[in-house]
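Take a look at the structure below.
Lettering of chains follows the sequences in order, A, B, ..., and the numbering in each one begins at 1.
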Amino acid sequence: MVKTSQLGGIVLDFQVLKTEKSCAARLGQLTTSHGVFDTPIFMPVGTQATVKTLTPEDLYAAGADIILSNTYHLHLRPGEDLIDQAGGLHSFMNWKRGLLTDSGGFQVFSLKGLRKIDDNGVHFSSHIDGSRHYLTPEIVVAIQQKLGADIAMCFDECTPYPCSYEEAERAVQRTSLWAAKCKDSHNKVDQALFGIIQGNVFGDLRERSAREITALDFPGYAVGGLSVGEPKPQMYAMLDSVDSWLPHDKPRYLMGVGAPEDLLEAVKRGIDMFDCVLPTRLARHGTALTSGGKLVIRNANYAYDFTPLDPVCDCNVCQNYSRAYIRHLIKAEEMLAHRLLSFHNVYFLLKLMRDIRNAISNDEFNNFYNKFFDNYRF
RNA sequence: GGAGGGAUACCCAAGAGGCUAAAGGGGGCAGACUGUAAAUCUGUUAGCGACGCUUUCGAAGGUUCGAAUCCUUCUCCCUCCA
């Protein structure tokens, strides 16, 4: 459970409480000035200072301890100065628990057509109004310090898939260069700055990136540049060595991953933290995550299905609303459909993480893993 | 009673002799979605024994090598005038 008081001023503390014997899965505890969180943990994504359709109260009810927001998007709108004047991002959006801001490194990937990279930084043409913006590691750190999240991320270059070796290598070099600059310019004592490993799907580049980034000594390490379109086995292969390359006493964060099966696979390989837009995006597109697999609730065969989204789910939505009703709301384009599905999907992943933690705690992660895949249909 | 206008696929709606099984929308059905340019995007939507065949543009007949498109009659709808 989260404690939100009497923690002001804490930088970041991470303790590994237990590690599985048969795999790299581990149970940990992350302490920030906005709470103590058990890991492995999932962080819902609230890019524009909101997890789409959900209030902070909804998120507390769903069991969220820490959420993610975005430097690039908040810099463009409303701007970090406004948020600073509001008393920081926590205060601005009325979020009282943990907060992590992504650096904009993902936008280097996702806004490919609107940016130009050089060794000093990235020129963006705003996707909103076309205005020109230049982000450097120093600027990105300054923005994140004003936003004031508990965890800030280094500015990195996230490469696409497929990607040439040369391109991936250049990104690794830049990401290391920028990580050093980020570290040098970061001086906010109650904010932790995490380093990011790149290397696309090339094992030797991943290893090199891990070596260079860990040499800079960050309080936590993220694995970036995965789940960008590569086949799952390749993503898992890149995670296989995480446990040996990244220090055991620091949190490891796999960026952008959140498909239920991927969470299991990554925890097994020693990952402690995750974030993903998948639960909220799938929700808005009419799909529910369930213990039996993805349920495309907008499909016709649920029109007369008066059972809950997931019969074994104890969330508020599953206790009170039927598949048929939610399908109707989707077909009628009612906003409540997005809210109900978002809440359920976020709850589902957070519950999955709770179950994973319990399993590790009880030395039965492998059983849990096997049982999960027995039930989950792709 | 008189004068015009119109009937196209589930719906709206283009098309005015061959390149039309028929544009566009909508709706339906399905797929995709992983550090959110995403309440988005993509495919499909006459029927089949399906790289071919069969039946479609209010109905019936006709002209033509060829008709949703031209002609005749009929049915129904709308507008205006009495």
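Geometrically, A/Arg354 engages A/Tyr347 in a cation-pi contact defined by less than 6.0 Å to the ring centre and at most 45° from the axis.
For B/rG35, its base never sits under 3.5 Å from the side chain of A/Asn70 at any donor and acceptor pair. Below the 3.5 angstrom threshold, one finds a donor paired with an acceptor across the side chain of A/Asp102 and the base of B/rG35.
Comparing the same atom, C1', in B/rA38 and in B/rG17 gives a spacing of 47 Å after rounding to whole Å. Here, B/rC41 and B/rU34 have their C1' atoms 16 Å apart, quoted to the whole Å. Between B/rC11 and B/rA23, the distance separating the two P atoms is 16 Å to the nearest Å. Taking atom C1' on both nucleotides, B/rA39 is separated from B/rU56 by 38 Å, rounded to a whole Å. Rounded to the nearest Å, the gap between the P atom of B/rG24 and that of B/rU69 is 22 Å. The separation of B/rC10 from B/rU75, taken at their C1' atoms, amounts to 23 Å, rounded to a whole angstrom. For the P atom pair drawn from B/rG25 and B/rA46, the interatomic distance equals 15 Å after rounding to whole Å. Here the separation of B/rA14 from B/rU8, taken at their P atoms, is 11 Å to the nearest Å.
Contacts of A/Thr53 with the nucleic acid, taken as non-hydrogen atoms under 4.0 Å apart, are absent. Among the protein residues, A/Ile128 comes within range of no part of the nucleic acid, since none of its heavy atoms lies under 4.0 Å from any strand. Residue A/Gly225 is in base contact, counting any heavy-atom pair closer than 4.0 Å across all strands shown. Using a 4.0 Å heavy-atom cutoff across all strands shown, A/Thr280 reaches at least one base atom of the nucleic acid.
For A/Ser227, counting side-chain heavy atoms from C-beta on, the closest listed nucleotide (B/rU34, B/rG35, B/rA37) is B/rU34. Side-chain proximity of A/Asn301 to the nucleotides B/rU36, B/rA30, B/rU34 is greatest for B/rA30. Side-chain atoms of A/Ser103 lie closest to B/rG35 of the nucleotides B/rU34, B/rG35, B/rG31.
The shortest distance between side-chain heavy atoms of A/Gln173 and A/Arg208 falls below 4.5 Å.
Per the geometry, CG belonging to A/Leu68 stands 13 Å off C1' belonging to B/rU34, to the nearest Å. Atom CG of A/Leu111 and atom C1' of B/rG35 are 12 Å apart (whole Å). Note: CG (A/Leu100) to P (B/rG35) measures 13 Å, nearest angstrom. Rounded to an integer number of Å, the gap from CZ of A/Phe42 to C1' of B/rU34 is 9 Å. Atom-to-atom, CG of A/Leu295 to C1' of B/rC33 comes out at 16 Å; the value is rounded to the nearest Å. Put simply, CG on A/Leu278 is 12 Å from P on B/rA32, counting in whole angstrom units. Atom pair A/Leu74:CG and B/rU36:P shows a separation of 11 Å (rounding to whole Å applied). One can place CG of A/Leu76 at 11 Å from P of B/rA37, the figure rounded to the nearest angstrom.
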When you compare the protein's N or O atoms with those of nucleotides 39-45 of chain B, which come within less than 3.5 Å of each other, and at what distance?
from	atom 1	to	atom 2	distance (Å)
B/rA39	OP2	A/Arg284	NH1	2.4

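OP1 or OP2 of B/rA37 has at least one side-chain nitrogen or oxygen of A/Gln107 nearer than 4.0 Å. Distances shown here put a side-chain N or O of A/Ser110 below 4.0 Å from the OP1 or OP2 atom of B/rA37. Not one side-chain nitrogen or oxygen of A/Lys294 sits closer than 4.0 Å to the OP1 or OP2 atom of B/rA32.
Ring centroids of A/His127 and A/His133 are separated by 6.0 Å or more, keeping the two rings apart.
Between A/Tyr221 and A/Phe218, the two ring planes are perpendicular [angle over 60°; tilted spans 30° to 60°]. In this structure, A/Trp178 and A/Phe155 have parallel ring planes: the angle between them is below the 30° cut-off, well short of the 60° mark.
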Extract all donor-acceptor atom pairs below 3.5 Å that involve side chains of residues 328-340 of chain A and protein atoms in other chains or at least two apart in sequence.
from	atom 1	to	atom 2	distance (Å)
A/Arg339	NH1	A/Thr53	O	2.9
A/Arg339	NH1	A/Asp58	OD2	2.8
A/Arg339	NH2	A/Asp58	OD2	3.4

